[in-house]
J.: 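Once you've had a glance at the structure underneath, I'll fire off some questions.
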Amino acid sequence: MSGGLVALLDDIAAIARMAAASVDDVAVGAAKTSAKAAGVVVDDAAVTPQYVSGVEPARELPIIRKIATGSIFNKLVIILPLALLLSAVAPFLLTPLLMVGGTYLCYEGAEKIWHKLTHRGDEESSTTDQDAHAKASQENEQSGKGGDAEKQLVRSAIVTDFILSTEIMVISLNEVISEPLLMRTAILIAVALFITVAVYGVVGLIVKMDDIGLRLAQKPATQKFGRFLVNAMPKLLSILTIVGVFAMLWVGGHILIVGADELGWHMPLQLAHGLGHRFIDIPAVGGVLNWLGETVVAMIVGLLWGLVVIAVVAAVKATVRTFRSQS
């Protein structure tokens, strides 16, 4: 009897160790795939605070909470099943789909740089979609329609999040495509939850930074730090936006280079590796310079491809306008 009990306890311990190992595997896999999606994550964190610009302070966190809930729904209910179905039925489409997403990232990054260069000195930031939503929200609140405006704002933010979430999940799926279905699913769920909590937690802190700073500035002991927070918020958003642009070009370019290599065009990846490997033997900093060299090549590829897409989009728009004017 005691022997059977000992055997049972051994089995339970073995199962517990396997479960712990599985949890560790999921955590490691989630960390690796989240790192691969860094560019999209930074862009997501940079874009979202603009949706609550001009909103009453009391409504900022509730709106962010609604957007975060919509983001979880996007990732787990819509994108995850489609991604798993794709990986099971047509995994050969994953690389082309990933390259389409990479093209979108390159276009977004290059478009922001192009807009900055061609509209230097102009104050056009108030005409962005996010600021338009904020203005509409303020106007509707004054006219007694704040609830409808808030719903529209949240809906628009969730639509934008859907695009970014799709990129995050597809990039993550590509990293775990060789894992068994159950492990693949667990890692993608962990990635979805971790990234959403991280992004919108940071966003919540960012949008409330000025409020926290104002409260601290009212107390003599924390007055300087409070003023620092208030003054730092606009600079933080600017830095986050710049980092987001370069991250999009880096990630988008890297996706295109690796995708082209998998489809048979090896030159871009060989060029990136070749540039990086020139510095790899330098003591202490060789690894960093190797990564930096490959990153620079990826960013240049992302920028050039993004500019090509901008030209194509502009040509299509011009053709459509010409067609409409003639008809």
Side-chain angles (χ1 to χ4, degrees), residues 14-44 67-108 158-200 247-248 250-266 268-269 298 302 305:
I15 293 172
R17 286 193 295 270
M18 291 176 59
S22 298
V23 171
D24 288 342
D25 291 341
V26 170
V28 171
K32 289 181 179 179
T33 54
S34 298
K36 292 291 185 178
V40 194
V41 172
V42 174
D43 185 51
D44 204 354
I67 298 173
T69 301
S71 179
I72 289 290
F73 184 87
N74 283 341
K75 292 182 178 75
L76 297 185
V77 179
I78 302 177
I79 302 171
L80 178 61
L82 293 176
L84 292 175
L85 179 63
L86 176 67
S87 65
V89 177
F92 58 89
L93 291 178
L94 188 58
T95 295
L97 182 61
L98 203 58
M99 294 179 73
V100 171
T103 296
Y104 169 77
L105 291 177
C106 295
Y107 169 75
E108 282 289 299
I158 291 175
V159 170
T160 300
D161 173 90
F162 182 82
I163 298 172
L164 298 174
S165 292
T166 300
E167 285 299 300
I168 290 170
M169 296 301 284
V170 172
I171 291 172
S172 301
L173 174 62
N174 188 60
E175 292 301 310
V176 296
I177 191 67
S178 60
E179 297 288 344
L181 179 60
L182 186 58
M183 179 62 70
R184 196 186 316 158
T185 304
I187 291 176
L188 290 177
I189 291 174
V191 167
L193 294 175
F194 170 74
I195 287 182
T196 303
V197 171
V199 166
Y200 289 99
M248 281 190 292
W250 161 47
V251 174
H254 181 73
I255 290 173
L256 292 175
I257 289 173
V258 174
D261 184 73
E262 291 180 1
L263 294 178
W265 188 27
H266 307 297
L269 186 60
W305 184 242

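Please read these numbers as outputs of a predicted model, since none were measured by experiment. Positions are given from 1, in the same order as the sequence printed here.
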J.: Within the structure provided, determine whether Lys75 and Asp161 are in side-chain contact (heavy-atom separation under 4.5 Å).
T.: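 In contact.
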J.: Can you tell me how far OH of Tyr200 sits from OG1 of Thr69, rounded to the nearest 0.5 angstrom?
T.: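 Spacing of OG1 (Thr69) from OH (Tyr200) equals 10.0 Å.
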J.: Can you tell if the side chain of Thr166 reaches within under 4.5 Å of the side chain of Tyr104, non-hydrogen atoms only?
T.: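 Counting from C-beta outward, Thr166 and Tyr104 never come under 4.5 Å.
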J.: Identify the heavy atoms of Cys106 and Gly302 that sit nearest to each other, and give their distance.
T.: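 That would be CB-O, 3.3 Å.
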J.: Can you list everything that forms a side-chain hydrogen bond (donor to acceptor under 3.5 Å, both in side chains) with Asp261? Sequence neighbours excluded, please.
T.: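 Checked Asp261 against side-chain hydrogen bond (donor to acceptor under 3.5 Å, both in side chains); matches are His266.
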J.: side-chain contact (heavy atoms from CB on, under 4.5 Å) with Ile158: which residues, sequence neighbours excluded?
T.: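 For Ile158, the residues satisfying side-chain contact (heavy atoms from CB on, under 4.5 Å) (neighbours in sequence not counted) are Asn74, Val154.
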J.: Which residues satisfy the side-chain hydrogen bond (donor to acceptor under 3.5 Å, both in side chains) test with Thr95, sequence neighbours excluded?
T.: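 For Thr95, the residues satisfying side-chain hydrogen bond (donor to acceptor under 3.5 Å, both in side chains) (neighbours in sequence not counted) are Glu262.
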J.: Out of the candidates Leu94, Ile168, Ile187, only one should pair with Leu173 under the side-chain contact (heavy atoms from CB on, under 4.5 Å) rule; please name it.
T.: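 Only one of Leu94, Ile168, Ile187 forms a side-chain contact (heavy atoms from CB on, under 4.5 Å) with Leu173, namely Leu94.
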J.: What's the shortest heavy-atom distance between Thr196 and Ser71, and which atoms?
T.: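 Heavy atoms only, the tightest pair is OG1-OG, 3.8 Å.
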J.: Mind checking the CD1-CD1 spacing from Ile189 to Ile72? Nearest 0.5 Å is all I need.
T.: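 One finds 10.5 Å between CD1 of Ile189 and CD1 of Ile72.
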J.: Hey, could you give me the CD1/OG distance between Ile177 and Ser172, rounded to the nearest 0.5 Å?
T.: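 If we round to the nearest 0.5 Å, Ile177:CD1 and Ser172:OG are 12.0 Å apart.
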J.: Can you name the nearest heavy-atom pair linking Ala192 to Met169, along with the distance?
T.: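 Of all heavy-atom pairs spanning Ala192 and Met169, the closest is CB-SD, 4.1 Å.
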J.: Which donor-acceptor pairs under 3.5 Å do the side chains of residues 85-93 make with protein atoms, sequence neighbours left out?
T.:
| unit_1 | atom_1 | unit_2 | atom_2 | d |
| --- | --- | --- | --- | --- |
| Ser87 | OG | Ala83 | O | 3.4 |
| Ser87 | OG | Leu84 | O | 2.7 |
| Ser87 | OG | Arg184 | NH1 | 2.8 |

J.: Thr185 side chain to Leu181 main-chain N or O, any donor-acceptor pair under 3.5 Å?
T.: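 Side chain of Thr185 to backbone of Leu181, a donor-acceptor pair under 3.5 Å: yes, one is there.
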J.: Using the side chain to side chain contact (heavy atoms under 4.5 Å, CB included) rule, take Val170 and Asn174 through it: C-alpha gap first, then chi angles, then the decisive distance, then the call.
T.: CA-CA 6 Å; Val170 172; Asn174 188 60; 5.7 Å; no
J.: Give the intermediate values and the outcome of side chain to side chain contact (heavy atoms under 4.5 Å, CB included) for residues Ile171 and Val251.
T.: CA-CA 10 Å; Ile171 291 172; Val251 174; 4.1 Å; yes
